[in-house]
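A short write-up of the structure that comes next.
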Protein chains: 4
Amino acid sequence: MLSAMHDFAVHGYEGARVDRIAEGASINKAMIYYHFRSKEELYRETIGEVYREATDKLSSLFTGEETLEEILHAVAAYHHDLMRKYPEFRSVLMRELAHPRREILSYIFGIFEASGLPSRLLARFGEEIKAGRVRKSDPRQLMISFLTLNLGYVMLAPLFDLIMGISDRELFVEDRKKEVVKLFLNGIRSGRS
Amino acid sequence: MLSAMHDFAVHGYEGARVDRIAEGASINKAMIYYHFRSKEELYRETIGEVYREATDKLSSLFTGEETLEEILHAVAAYHHDLMRKYPEFRSVLMRELAHPRREILSYIFGIFEASGLPSRLLARFGEEIKAGRVRKSDPRQLMISFLTLNLGYVMLAPLFDLIMGISDRELFVEDRKKEVVKLFLNGIRSGRS
Amino acid sequence: MLSAMHDFAVHGYEGARVDRIAEGASINKAMIYYHFRSKEELYRETIGEVYREATDKLSSLFTGEETLEEILHAVAAYHHDLMRKYPEFRSVLMRELAHPRREILSYIFGIFEASGLPSRLLARFGEEIKAGRVRKSDPRQLMISFLTLNLGYVMLAPLFDLIMGISDRELFVEDRKKEVVKLFLNGIRSGRS
Amino acid sequence: MLSAMHDFAVHGYEGARVDRIAEGASINKAMIYYHFRSKEELYRETIGEVYREATDKLSSLFTGEETLEEILHAVAAYHHDLMRKYPEFRSVLMRELAHPRREILSYIFGIFEASGLPSRLLARFGEEIKAGRVRKSDPRQLMISFLTLNLGYVMLAPLFDLIMGISDRELFVEDRKKEVVKLFLNGIRSGRS
DNA sequence: GATGAATGAGATTTCATTCAT
DNA sequence: AATGAATGAAATCTCATTCAT
């Protein structure tokens with residue numbers, strides 16, 4: 001339900017109004033309660049839909065034969081794709097992460113797990129370090145670094161756009177997807193740092 | 001008012017309850033209205049206090065004589081210090097950034113401006129690129145990369161701790177502060193990438 | 001409709017839910033409105049059925065040739081029979097009598113009238129008093145005494161069972177039917193009281 | 001709260017309207033929720049007040065030195081006194097007894113227990129039977145008979161008044177209080193029945 | 001400064017009833 | 001006869017805000 005996603009994004013769960021959502025969806029308020037038992041269920045279903053899609057998509061993204069660089073590029077692109085498809089989801093997600101409830105955390109955790117991404121990447125980093133191609137470091141730090149390089153901009157875009165005077169975000173994003181991988185790969189390379 | 005910060009952090013602005021805040025502060029609800037004009041003003045004052053302190057602190061942080069590395073280290077440390085001092089502020093800030101209102105954005109923008117950090121760093125990156133010590137790239141991308149490497153973990157710590165199985169966060173943070181600078185400096189170096 | 005009677009008994013007219021009644025009857029809610037004009041009509045029909053049966057049964061109970069004792073025994077037995085057949089009716093009836101509406105009172109009044117019982121019993125008491133076999137008293141008091149001796153237990157059984165520690169109600173009822181007549185007949189006898 | 005008692009009496013718990021109760025009490029609806037947490041609590045407090053008074057009164061009614069007849073007279077009078085003081089309570093009570101919830105039953109049970117009445121009367125009946133002054137019978141039957149003779153009319157007055165054509169209830173009640181005791185005492189006497 | 005009571009507007013939820021198929 | 005969806009009115013409850021003391 002798009003109208004619901006919109007209200008949850010703009011006002012948050014507590015600030016969202018069932019009245020407004022119904023009006024936005026051009027249906028009678030009582031119909032919301034006919035299809036969903038409560039505002040809470042409406043909320044869960046609304047974000048659950050996106051979560052499920054994200055899980056499915058991420059799971060199918062990798063065959064296991066990719067190079068490290070390919071994986072990084074795919075992940076970087078995926079984050080932006082998801083946010084382009086569900087622009088309002090960014091708000092909802094951030095609010096959830098602002099004060100994460102165990103239930104929601106597990107939900108998101110599940111998405112990552114389903115993709116196999118964390119374990120695969122961690123293992124991969126471990127191998128690369130052992131092989132001497134990546135400098136000695138905690139693989140978890142590397143993983144977090146890469147994810148935050150991506151998610152950080154996705155989440156904070158409005159602030160950064162203002163501070164940095166970014167006017168054409170589409171263009172900037174295309175650039176960023178490459179920059180992120182480049183910086184990261186350079187950053188973790190073993191060498192005379 | 002700690003009780004207010006707590007409620008705003010846990011429930012968000014719309015979910016916060018004046019009743020609960022009063023009870024948490026062991027005062028009569030009407031007293032809140034004696035000190036503040038409205039819930040909105042209470043909110044602004046509550047977070048404004050932190051904002052002001054952050055502004056002051058950041059402004060005084062730099063004399064202009066620091067090396068790039070010193071600046072990066074200082075910024076990395078500062079983020080964690082602020083969050084350690086006001087742990088609940090992280091939630092409040094994230095909620096604000098989830099659906100930023102121009103007014104709040106300007107507030108935060110002001111903090112950065114006051115510190116002189118963005119312009120100084122951008123200029124500095126420009127110089128370093130011109131001097132060939134940093135690979136050719138958009139200084140804004142570099143700036144965003146560095147900030148997200150820091151802020152990303154600060155904001156998403158609960159999620160990352162779960163995904164990565166981090167149990168001792170204090171320790172991990174100490175490690176991260178160094179890792180972030182190292183990865184970034186390595187990542188932006190000019191060289192045979 | 002048993003499901004309706006059940007809901008009216010358990011929740012009362014205002015507390016009964018058309019949804020629940022439909023579900024209990026395994027039919028679609030709209031079907032209820034196909035058969036009955038409204039909740040009110042459903043209610044009237046539901047209890048009207050029992051009322052009509054009670055009227056018919058009581059009317060046919062007496063030929064006019066019975067002795068006083070026979071009548072009393074028949075009435076005492078009849079109350080319990082009705083409640084055994086429609087156990088939930090007791091609740092419905094009590095609720096109605098809790099705040100009797102003229103319309104419902106007339107309904108019940110009609111049952112008594114149809115049976116010819118009140119006038120017959122009152123006349124009979126009058127004769128017995130005149131003949132000196134029953135002590136001088138207001139026949140209406142006698143009538144009420146006999147009816148309450150019966151109806152009182154029927155209506156308050158759950159409370160009495162608790163207070164008196166009655167575990168086998170069936171057995172107790174058999175005993176009560178006799179006790180009631182005996183006590184009453186003894187109680188109204190003329191003699192040296 | 002009289003307005004609440006009134007609405008509960010006339011409409012039952014489910015049919016009572018907080019709006020109406022507030023209006024009847026000339027207070028703001030929200031004040032009801034300020035003083036009572038919910039409609040349910042308002043209900044419990046409303047009837048609890050009467051229950052408590054009844055408990056206290058009944059407990060203090062007997063010193064232990066009364067003759068059987070005195071006790072019976074006192075009980076008979078008490079029922080009518082209570083109903084005269086809280087005329088609407090009759091409705092509320094009947095509705096509760098229509099579909100008794102364990103919690104409410106226990107409440108009422110407690111009142112009887114506190115008065116010591118049931119155990120005292122049962123014991124008394126036992127003694128009288130053993131002494132041959134009361135005919136052999138189940139004391140519980142006697143007890144129920146006496147209570148229903150009283151409560152029956154109290155509860156069913158509106159119906160009986162209609163059926164019997166009783167116009168001056170006050171007068172009738174005075175008569176009934178004596179009649180009930182007389183009929184009962186006669187009815188339980190041992191003798192050639 | 002401090003408090004308990006008060007209030008109006010509005011939020012979520014419910015429900016008898018009807019409609020379209 | 002049967003159903004799922006729809007609706008308007010209203011019910012319970014909440015909450016920011018103010019008042020009287």
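- Checked by distance alone, Asn28(C) brings a side-chain donor or acceptor within 3.5 Å of a matching partner on the base of dG4(F).
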Inset, instruction - I would like to know whether Tyr43(A) and Glu96(A) meet side-chain contact (heavy atoms from CB on, under 4.5 Å); could you show each step before the answer? - result: CA-CA 12 Å; Tyr43(A) 179 71; Glu96(A) 274 304 332; 2.4 Å; yes
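- Rounded to whole Å, the distance from CG on Leu42(C) to C1' on dA16(E) is 12 Å.
- Arg20(B) has its CZ atom 12 Å from the P atom of dT14(F), to the nearest Å.
- Proximity of a side-chain donor or acceptor of Asp7(D) to a complementary backbone N or O of Val18(D) within less than 3.5 Å is not detected.
- Atom CD of Glu41(D) sits in a crowded spot, with more than 12 heavy atoms from other residues, nucleotides or ligands closer than 6.0 Å.
- Across the P atoms, dG1(E) and dT21(F) are found 23 Å apart, a figure rounded to whole Å.
- Atom P of nucleotide dT7(F) and atom CD1 of Ile32(A) are separated by 12 Å, given to the nearest angstrom.
- The stretch residues 104-113 of chain C participates, sequence neighbours left out, in no salt bridge (Lys or Arg N to Asp or Glu O under 4.0 Å) pair at all.
- In this structure, His35(A) reaches the dA6(F) phosphate: one of its side-chain N or O atoms is under 4.0 Å from OP1 or OP2.
- The separation between Glu23(C) atom CD and dC15(E) atom P is 13 Å, rounded to whole Å.
- Distance, Ile27(B) CD1 to dG4(E) C1': 15 Å, rounded to whole Å.
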Enumerate all atom pairs, one protein N or O and one N or O from nucleotides 15-17 of chain F, separated by less than 3.5 Å.
residue: dC15(F); atom: OP1; partner: Arg17(B); partner atom: NE; Å: 2.3
residue: dC15(F); atom: OP1; partner: Arg17(B); partner atom: NH2; Å: 3.1
residue: dC15(F); atom: O5'; partner: Arg17(B); partner atom: NE; Å: 3.1
residue: dA16(F); atom: OP1; partner: Ala16(B); partner atom: O; Å: 3.1
residue: dA16(F); atom: OP1; partner: Arg17(B); partner atom: NH1; Å: 3.4
residue: dA16(F); atom: OP1; partner: Lys39(B); partner atom: NZ; Å: 3.2
residue: dA16(F); atom: OP2; partner: Val18(B); partner atom: N; Å: 3.1
residue: dT17(F); atom: OP2; partner: Tyr33(B); partner atom: OH; Å: 2.8
residue: dT17(F); atom: OP2; partner: Lys39(B); partner atom: N; Å: 2.8
residue: dT17(F); atom: O4; partner: Lys29(B); partner atom: NZ; Å: 2.7

Legend entry - Watson-Crick or G-U pairs under 3.5 Å in DNA chain F, rendered as dot-bracket with [ ] for crossing pairs and | for another strand: .||||||||||||||||||||
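- Take Glu103(B) and apply the side chain to side chain donor-acceptor pair (under 3.5 Å) test, not counting sequence neighbours, and it matches no residue.
- Annotation: side-chain contact (heavy atoms from CB on, under 4.5 Å) contacts of Ser106(D) (sequence neighbours excluded): Arg102(D).
- Taking the ring centroids of Phe89(D) and Tyr51(D), they lie under the 6.0 Å cut-off.
- Remark: C1' of dT18(E) and CE of Met31(A) are 13 Å apart, rounded to the nearest angstrom.
- Counting to the nearest Å, the P atom of dA11(E) and the NE2 atom of His11(A) are 11 Å from each other.
- One can place OH of Tyr34(B) at 15 Å from C1' of dC19(F), the figure rounded to the nearest angstrom.
- To the nearest 0.5 Å, atoms CG (Leu151(C)) and CE (Met83(C)) are separated by 7.5 Å.
- Within the structure, side-chain hydrogen bond (donor to acceptor under 3.5 Å, both in side chains) contacts touching residues 21-34 of chain D (residues at least two apart or in different chains) are Asp19(D)-Lys29(D).
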